[in-house]
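Structure record follows, encoded as structure tokens.
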Amino acid sequence: GGADFVFQILTANSANVTAVSPGTVVMTTTGVGAADPDFYHFRYLIYYQCTSTTVGIAFTINHDAVGAGANAIWWHVTTGGAAATGLGDDVAAVVAGQLVEGKTVSLNASGSASTGVATINTTVCAILEGTLYAPTSGSLELKIATEVSGTAVRVTNGTTLYLTKLGNLV
């Protein structure tokens, strides 16, 4: 059931998210799954902004079918040159370079957040990628959370989902 490949682009910025729980949906893809269980590979190219240099963002995905499961990782380029910083970087380094740092993600659990960004309200790119098991049809949701309650983070327009159906592998 459903298309073998889905390409979806967020056409407007999400609302500011100030909650630390992974419950704020910023992008929804309906009709993911079928009457028979299906596996999917997903990749989100995420553009995000933080309103503080010292407060980061967390990502997770969810599928609303009972029994769904997913595992994923997300990563982004950071300001770290010789050591990890966790700070999303919006510019290309002109010296030795930057680090790529990441986090693991489970279904509907944001895990740990980044530690901030180099420049407030400036777009940083991250990639969230993994596999999804959808036992029945439902909605795939991209969710975000802030690292510190009350400090806003958001996903911006142009954020893109590439979803590929792998089929019934059980």
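Residue numbers run from 1 in the order of the sequence given. Just so it is clear, the structure is predicted and the values come from calculations on it, not from any experiment. Hydrogens, waters and symmetry mates play no part in the numbers below; they use all other heavy atoms, side chains included.
- Between Tyr40 atom OH and Leu166 atom CG the span is 9.0 Å, to the nearest 0.5 Å.
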* To do: Verify side chain to side chain contact (heavy atoms under 4.5 Å, CB included) between His63 and Tyr133, making sure each step is shown before the conclusion.
  => CA-CA 9 Å; His63 189 278; Tyr133 171 68; over 6 Å; no
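- Contact check for Val77 versus Cys125: no side-chain heavy atoms found under the 4.5 Å cut-off.
- In summary, the side chains of His76 and Tyr48 do present a donor paired with an acceptor at a separation below 3.5 Å, with no hydrogens or angles considered.
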* Asked: Could you go step by step and tell me if Phe7 and Tyr162 meet the side chain to side chain contact (heavy atoms under 4.5 Å, CB included) rule?
  -> CA-CA 5 Å; Phe7 178 79; Tyr162 305 89; 3.2 Å; yes
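- Under the 3.5 Å distance criterion, the side-chain polar atoms of Thr159 are matched with a main-chain donor or acceptor of Tyr47.
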* Go through the steps for Tyr44 and Leu140 under the test side chain to side chain contact (heavy atoms under 4.5 Å, CB included), then give the verdict. => CA-CA 12 Å; Tyr44 288 93; Leu140 177 64; 3.5 Å; yes
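- Asn13 places a side-chain N or O within 3.5 Å of a backbone atom of Asn157 that can act as its donor or acceptor partner.
- Interatomic distance, Ile57 CD1 to Thr115 OG1, rounded to the nearest 0.5 Å: 12.5 Å.
- A donor-acceptor pair under 3.5 Å is absent between the side-chain atoms of Asp89 and the main chain of Ala118, judged by distance alone.
- Interatomic distance, CD1 of Ile46 versus CD1 of Ile144, reported as 9.0 Å (0.5 Å rounding).
- Using a distance-only test at 3.5 Å, with no hydrogens or angles considered, no donor-acceptor pair links the side chain of Lys143 to the main chain of Asn108.
- Under the 4.5 Å side-chain heavy-atom criterion for Ile, Leu, Val, Met, Phe, Trp and Tyr, Met27 and Val6 are members of the same hydrophobic cluster.
- For Ser14 (side chain) and Val155 (main-chain N/O), a donor-acceptor pair under 3.5 Å exists by modelled atom type.
- Of the options Thr30, Thr60, Asn62, Thr28, a side chain to side chain donor-acceptor pair (under 3.5 Å) to Glu141 is made by Asn62 and by none of the others.
- Under a hydrophobic clustering in which Ile, Leu, Val, Met, Phe, Trp and Tyr are joined whenever their side-chain heavy atoms come within less than 4.5 Å, directly or via other members, Val55 and Val17 fall into different clusters.
- In this model, a donor atom of one side chain and an acceptor atom of the other lie less than 3.5 Å apart for Gln49 and Thr123.
- The aromatic rings of Phe59 and Trp74 sit perpendicular to each other, their planes meeting at more than 60°, with 30° as the lower class boundary.
- The closest donor-acceptor contact from the side chain of Glu101 to the backbone of Thr85 lies under 3.5 Å.
- Contact annotation: the side chain of Thr51 approaches that of Asn121 to within less than 4.5 Å [non-hydrogen atoms, C-beta and beyond].
- Side-chain contact between Ser149 and Thr18 is absent, with no heavy-atom pair separated by less than 4.5 Å.
- No single ILVMFWY cluster, assembled from side-chain heavy atoms under 4.5 Å apart, contains both Val66 and Leu132.
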